[in-house]
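What you are looking at is a predicted structure, and each value in this text was computed from that prediction instead of being measured. Within every chain, numbering begins at 1; the chains are lettered A, B, ... in the order of the sequence lines, protein sequences first and strands thereafter.
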2 protein chains.
Amino acid sequence: MPRAVDHEQRRFEIVAGLWQIVAEQGIEGISLRSVAARSEVSMGRVQHYFGTKDALVVAGIDLLVKRAVIEYETTAGRPPDERLLHLLLQQIPATEAGRMGVTVWYAYVAKAMTHTAVREILAEATRVGVEECTRHIQEADGLPKAAARERAIELLALSDGLTLRVLVGDITAAEAEASIRDHRARL
Amino acid sequence: MPRAVDHEQRRFEIVAGLWQIVAEQGIEGISLRSVAARSEVSMGRVQHYFGTKDALVVAGIDLLVKRAVIEYETTAGRPPDERLLHLLLQQIPATEAGRMGVTVWYAYVAKAMTHTAVREILAEATRVGVEECTRHIQEADGLPKAAARERAIELLALSDGLTLRVLVGDITAAEAEASIRDHRARL
DNA sequence: CCGATGACGATGCGATCGCATTGGAATCAT
DNA sequence: ATGATTCCAATGCGATCGCATCGTCATCGG
């Protein structure tokens, strides 16, 4: 067997470059050459680890989701209401890095409209998000599952919509966060 | 002076083809050739009426917004609450044509993240939307402007978020509409 | 009738694209 | 030491791209 390289690490380096490209130029900016240049690796390397452009594009959202899941799992053991707020507030772009992440996220949401594999990854991610929120609301408020689920979807939708407004510059991140907390407190 | 053609009409025909392309393949699918083919006109014609690809892309969102404004203006004279609900419900994809329209809309929302001209058009459109909603809430509920504006942004954000869920297939259009009506009634 | 002008269709060019191919360097079991 | 295997850089190809250019009708004021 030949050289032992960290497969995951190599793939992550390349995808990190892809995220920058997407944040700056959108999904359209992705090309084997542009991602290779941004990641400061050769185009041959990108081909070696991802094969086709499509696989590279899919890996971009796949890793993004996996990162979010890992971050969420660090809240395990915390009280339900806190975990719920984490899910509702995580995507609101407070920092510059967070802004890049959510910009990439919404670029992929648009992509999902016309790309099956991307759509399935996002659908699964939101499904899990709704389930977790529902569970926390059930525990925190003592609601039956159906009612809790309705509120979960409502809160998540509100979070999505407010996030969009922040991205467009219509409101600030602080205003969005206040609106969500206020809404959660009222329900 | 030469042949008299309806400039607006020609431009609309081409943009209608562009919308189909965007709905099916996303913004990435736009090219002078693909739009020309879908509109069943020559590429020369597309160049003649739009000049550059970028101008064509911008015209796509510009006309979409103008159409929405015209449709909204047909509700002039109706009671405030009805006009408010029109603004909140208009984008929820009930029909197939409506689904296409809102798919194109969100494709451009993603585009706006990296394209200044598109961002300004969308920013202006949402600004007007918030203002109109605020006005209707003031009239209908007798709230002061600041409070009405807060609720307007909240309701519009909820509408945005629910629309996204409908597009992804997470909930149905009817469920989204019910959630918005319910929310509006509760406030 | 005629020339200016608008409305195109057709074509060509340089750039960029995804992808396949080739070949060599590095590594390790044998 | 050697052969197998992995890792990757380099190159080439055919397709597609935006855009500029050129030529040709059709139209209408003069």
Side-chain angles (χ1 to χ4, degrees), chain A residues 1-22 24-63 107-108 111 114-118, chain B residues 1-22 24-63 107-108 111 114-118:
Chain A
M1 289 185 188
R3 232 179 324 179
V5 300
D6 187 338
H7 211 73
E8 293 285 324
Q9 171 64 15
R10 292 278 202 236
R11 285 175 63 94
F12 173 75
E13 283 168 12
I14 293 168
V15 168
L18 178 139
W19 288 339
Q20 291 181 37
I21 295 273
V22 173
E24 289 166 15
Q25 316 177 42
I27 299 260
E28 296 177 70
I30 299 177
S31 80
L32 295 180
R33 288 168 231 264
S34 68
V35 171
R38 177 57 68 129
S39 313
E40 292 178 339
V41 301
S42 75
M43 184 180 147
R45 183 123 119 199
V46 177
Q47 279 191 283
H48 181 71
Y49 282 102
F50 295 96
T52 69
K53 174 187 175 176
D54 194 69
L56 175 63
V57 170
V58 171
I61 184 60
D62 197 41
L63 279 191
Y108 274 103
K111 180 77 181 169
T114 58
H115 192 297
T116 307
V118 170
Chain B
M1 289 181 187
R3 232 178 325 179
V5 300
D6 186 338
H7 210 75
E8 293 283 325
Q9 171 64 16
R10 292 276 202 239
R11 285 173 63 92
F12 173 76
E13 283 168 14
I14 293 169
V15 169
L18 177 138
W19 288 339
Q20 290 179 38
I21 295 272
V22 173
E24 289 166 14
Q25 313 176 45
I27 299 261
E28 297 177 70
I30 299 177
S31 80
L32 295 180
R33 287 166 232 265
S34 68
V35 170
R38 176 58 69 131
S39 311
E40 290 177 342
V41 301
S42 73
M43 185 180 145
R45 184 123 118 198
V46 177
Q47 279 190 281
H48 181 70
Y49 282 102
F50 296 96
T52 69
K53 174 187 175 176
D54 195 68
L56 175 63
V57 169
V58 171
I61 184 62
D62 197 39
L63 279 190
Y108 274 102
K111 181 76 181 170
T114 58
H115 193 296
T116 306
V118 170

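For the side-chain hydrogen bond (donor to acceptor under 3.5 Å, both in side chains) test, no residue two or more places apart in sequence or in another chain qualifies with A/S39. Judged as a side-chain hydrogen bond (donor to acceptor under 3.5 Å, both in side chains), and not counting sequence neighbours, A/E8 has no contacts. For B/T114, the side-chain hydrogen bond (donor to acceptor under 3.5 Å, both in side chains) test picks out no residue, with sequence neighbours left out.
Using a 4.5 Å cut-off on side-chain heavy atoms (C-beta onward), A/V15 and A/F50 make contact.
Going from atom NE2 of A/H7 over to atom P of D/dC7 covers 7 Å, rounded to whole Å. To the nearest angstrom, C1' of D/dT6 lies 12 Å from CZ of A/R10. Per the geometry, CD belonging to B/Q47 stands 10 Å off C1' belonging to D/dT21, to the nearest Å. Straight-line distance from the CZ atom of A/R45 to the P atom of D/dA10: 12 Å, rounded to whole Å. The separation between B/E40 atom CD and C/dC8 atom C1' is 17 Å, rounded to whole Å. Distance, A/M43 CE to D/dC8 C1': 13 Å, rounded to whole Å.
Residue pairs meeting the salt bridge (charged side-chain N to carboxylate O under 4.0 Å, His left out) criterion with at least one member in residues 25-51 of chain B, sequence neighbours excluded: A/K111-B/E28, B/E24-B/R38. Residue pairs meeting the side-chain hydrogen bond (donor to acceptor under 3.5 Å, both in side chains) criterion with at least one member in residues 47-61 of chain B, sequence neighbours excluded: B/D54-B/H115.
OP1 or OP2 of C/dA7 lies within a sub-4.0 Å distance of a side-chain N or O belonging to B/H48.
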Polar atom pairs (N or O), protein with nucleotides 13-17 of chain D, under 3.5 Å:
{"residue": "D/dC17", "atom": "OP1", "partner": "B/S31", "partner atom": "OG", "Å": "3.4"}

